**Q** 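I am attaching a structure below and will ask some questions about it afterwards.
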There are 4 protein chains.
Amino acid sequence: MPKVSDDYKERKRESLLESALKCFGEKGFHSTTMDDIVAYSKTSKGLIYNYFKSKEELYLELMQERTKLTFERINEHFKNCETATEKMRELFKMYREITLTEEWRHLIRVHMEFWINSARHENLQNIMLDRYKKQYLQFMNEIIEQGKKSGEFKKEIQAELVSSIFWAYIDGICLHYSVVEEDELYKQQFKQTEEMIMNYILTK
Amino acid sequence: MPKVSDDYKERKRESLLESALKCFGEKGFHSTTMDDIVAYSKTSKGLIYNYFKSKEELYLELMQERTKLTFERINEHFKNCETATEKMRELFKMYREITLTEEWRHLIRVHMEFWINSARHENLQNIMLDRYKKQYLQFMNEIIEQGKKSGEFKKEIQAELVSSIFWAYIDGICLHYSVVEEDELYKQQFKQTEEMIMNYILTK
Amino acid sequence: MPKVSDDYKERKRESLLESALKCFGEKGFHSTTMDDIVAYSKTSKGLIYNYFKSKEELYLELMQERTKLTFERINEHFKNCETATEKMRELFKMYREITLTEEWRHLIRVHMEFWINSARHENLQNIMLDRYKKQYLQFMNEIIEQGKKSGEFKKEIQAELVSSIFWAYIDGICLHYSVVEEDELYKQQFKQTEEMIMNYILTK
Amino acid sequence: MPKVSDDYKERKRESLLESALKCFGEKGFHSTTMDDIVAYSKTSKGLIYNYFKSKEELYLELMQERTKLTFERINEHFKNCETATEKMRELFKMYREITLTEEWRHLIRVHMEFWINSARHENLQNIMLDRYKKQYLQFMNEIIEQGKKSGEFKKEIQAELVSSIFWAYIDGICLHYSVVEEDELYKQQFKQTEEMIMNYILTK
DNA sequence: GATGAATGAGACTTCATTCAT
DNA sequence: CATGAATGAAGTCTCATTCAT
């Protein structure tokens, strides 16, 4: 666990995680070797084991970091959002405005791969489900409930259902466009998804 | 004599593919060893190489087989469907009625994993994209166009956009429920997705 | 051992040996698989084991056959040779007139490879040395002795020494030109070797 | 620290090459396994791949090393030789005085085997031919030309022809005595070869 | 702390040989 | 007899992890 007391160590750790992400993005978790990460991060094989006790753990910590960053980024964007509607619109906007770079595609694949891998290891699965429910779903739930309370959203919608629909669509679209390279279609699809969902939840 | 009927060989091949699917489903492609497949299929290590020249090729042929089966199954269900609306409804019904067994989850993971892996190997990516566009998108396109022609669906909708939305949502939902074990939510989510999409395309 | 009684079997055996020779020539003994030979001879894997009980044995029998053929060929050429000098000259002529085809190079390599391999297996080594001494050396010895007796060759030369020099030079040159593709140099070298050796043994 | 001196690594490399040579000598290239080499060199299976990226490459580098050593040894012997005649005599002496140990026989077989194997792989063949022509032939050519210039050797002899004859005879004799265990005959044969060749080139 | 040489289990693949048909 | 599917031992090579310096 990062000790902020030692700034140097923390920066080293970040740098290792970043290198790992880069490598996993390019070759996938299994095909990435510790040597790849070492080469990319310009450190030594031994050092990496001072920070993470195994490749598995490095993977897990990386993904935890990424989730944290995702929400930090979202919250950053939410600074000027008050209403639930504003938040929803801003969220869609964030995704809609993504440019489909090779780097982005790599990132998505790492996430998706992790999601699938996690399903195969009981301990990982629990971590993942917990994260999904406590963070992703919960996050969206709160927005929905806020919207329901304020009268922006229909009273009769089930927050949980909408939340899970939201993330499923997001992931479905990202999954597709992590392979398909069609920027324009991606944007239209997101626009359409936004309309469908907003239409479904807004009180007229 | 071991000069054996084509039928016998075909059945052997199927059995190997099935074993591979089982193993890939349980442990993922990379973590599955040829020994796993051999053990599962109760043959010998050498034999598998009489049928497939590498683990890679086995993987590819397996996925090709699965795609073929998917469409065979869909077409089977479509036997009594005339109108585009019937077809769309039937398609949703097929997915909606799936029971989320462990086996199904394995299957989905294999598909998703393949989709992601394929993105990392140029030759596989071409095969995948081709399959996606020529089969999945094309298949849906035809239904949409039929519906537009017959007046069932709105004239102004873009077939291609709807098709890609359709498959993205399907994949997104399947991806989620290949990890999340909540049958009820899955069904509701599918119902809702059906409404949204049908609402979007139906005239009136 | 070939039973001439069954002509068919004998021809089959020859065909297998020939195929083996072809394959060994192209890829070398170790890199040639039984499948290669089977493919080349258009028979079946099982059949080959009816004729030779192992790859080793096939190899050995092939080389035995080749030695036999070599001497048959030499004797064929010797039909009209009476004197020792004529025989020596004819022998040199045979080698000198060889055209350095790819096929010839293959053949030489097989022989050389066998010679080296044999040194590494006691039983083979005995067979090889026996063959070398009883056939190659003995053959040359007899010519030399004939020449000495008839006064063609110097009385003081040691037949055994000349014989072993003769075959060493032959093998050395063949070895080189099984790799080096220079027809002209080969011929000159043989001419020169002939002169040196004849000069050494002829009585003026 | 295992960050180790270049010298250490070089010695390790030499030791691996030496082990490989020993094993190739005993069993031949194809029959030698990496495990054999590892066992002989008392290291671990993985380590060898830190130094050579494949068995093939190890082989090639070994042979390159050996050629280098051969010429270093020859040049060592040449320190006190001025005239072309002295050099030729010294060269013959070197070969003549070799004692036909089992080790020497192994060494020769490795060289001969490599020569033959190389003929079967285009890239190796080019390396071999280049080495043969640029080093072996060239080396001898220079001596001959020196001798012609100084008047020791006949003006009319073709340096290239003599050179290739020289090496062919050397190789032929070595090849034979890598199998035939007759020290005495070997020496006589070399003596005789020396006389023949010197007789051929010396200006009386 | 940092380094990277060393380890060795285990992966994929090949192939001589067998044997049921 | 002939066939070629089946076998499995054994080969090459990889790579996460350790540890002496």
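First the proteins, then the strands, lettered A, B, ... as listed; each starts at 1. Since this is a predicted model, take the numbers as computed values, not measurements.
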**Q** Using a distance-only test with no angle check, is there a side-chain donor-acceptor pair under 3.5 angstrom linking A:Arg105 and A:Ser178?
**A**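 Result is no, nothing qualifies.
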**Q** Want to settle it: does B:Asp35 or A:Gly46 sit nearer the 5' end of DNA chain E, counting the closest nucleotide to each?
**A**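 So the residue in question is A:Gly46.
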**Q** Using 4.0 Å as the upper bound for N to carboxylate O, is an ion pair formed by D:Glu113 and D:Arg109?
**A**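 Not counted as a salt bridge, because no side-chain N and carboxylate O are separated by less than 4.0 Å.
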**Q** Report the distance from atom CE of C:Met34 to atom P of E:dT17, rounded to the nearest whole Å.
**A**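 Rounded to whole Å, this separation is 6 Å.
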**Q** Would you please confirm or rule out a distance under 4.0 Å between OP1 or OP2 of F:dT7 and any side-chain N or O of B:Tyr49?
**A**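 So the side-chain polar atoms of B:Tyr49 never come under 4.0 Å of the phosphate oxygens OP1 or OP2 of F:dT7.
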**Q** Check every strand shown and say whether C:Phe52 touches a base, only sugar-phosphate, or nothing at a heavy-atom separation below 4.0 Å.
**A**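 No contact at all - C:Phe52 keeps every heavy atom at 4.0 Å or more from the nucleic acid.
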**Q** Just need the stems in DNA chain E: three or more back-to-back Watson-Crick or G-U pairs, each with both distances under 3.5 angstrom, sorted by first number.
**A**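 DNA chain E stems, ordered by first number: E:2-21 with F:2-21.
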**Q** Contact between C:Leu16 and C:Leu62 at the side-chain level, heavy atoms closer than 4.5 Å - yes or no?
**A**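 The answer is no; the side chains never approach within 4.5 Å.
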**Q** Between B:Glu56 and C:Thr33, which has a closest nucleotide on DNA chain E that is more 5'?
**A**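 Result: B:Glu56.
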**Q** Of C:Lys68, C:Arg13, C:Arg66, C:Lys53, which meets salt bridge (Lys or Arg N to Asp or Glu O under 4.0 Å) against C:Glu61?
**A**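 Single pass found, and it is C:Arg13.
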**Q** May I ask you to evaluate whether A:Tyr8 reaches the phosphate of E:dG1, defined as a side-chain N or O under 4.0 Å from OP1 or OP2?
**A**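 It does not, given that no N or O in the side chain of A:Tyr8 lies less than 4.0 Å from OP1 or OP2 of E:dG1.
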**Q** So does C:Lys55 get a side-chain nitrogen or oxygen closer than 4.0 Å to the phosphate oxygens (OP1/OP2) of E:dA16?
**A**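 Answer yes for this pair, as a side-chain N or O of C:Lys55 is under 4.0 Å from OP1 or OP2.
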**Q** Measure from the side-chain N and O atoms of A:Ser118 to the backbone N and O of A:Trp115, and report whether any donor-acceptor pair falls under 3.5 Å.
**A**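 Judged by distance alone, yes, a pair lies under 3.5 Å.
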**Q** Given E:dA6, F:dG4, F:dA5, which nucleotide is nearest the side-chain atoms of D:Tyr51?
**A**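 Nearest to the side-chain atoms of D:Tyr51, counting from C-beta on, is E:dA6.
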**Q** B:Lys45 has a side chain; which of E:dA2, E:dC12, F:dG11 sits nearest to it?
**A**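 Nearest nucleotide to the side chain: E:dC12.
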**Q** Identify whether any heavy atom of B:Thr32 sits under 4.0 Å from a base atom; if not, whether one sits that close to sugar-phosphate; answer base, sugar-phosphate or nothing.
**A**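 Sugar-phosphate, backbone atoms only, no base.
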**Q** Please determine whether a side-chain nitrogen or oxygen atom of B:Lys12 lies at a distance below 4.0 Å from atom OP1 or OP2 of F:dA6.
**A**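 Yes, B:Lys12 has a side-chain N/O under 4.0 Å of OP1/OP2 on F:dA6.
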**Q** Taking the cut-offs as 6.0 angstrom to the six-membered ring centre and 45 degrees off its axis, would you call C:Lys55 and C:Tyr49 a cation-pi pair?
**A**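 No, a cation-pi geometry is absent between C:Lys55 and C:Tyr49.
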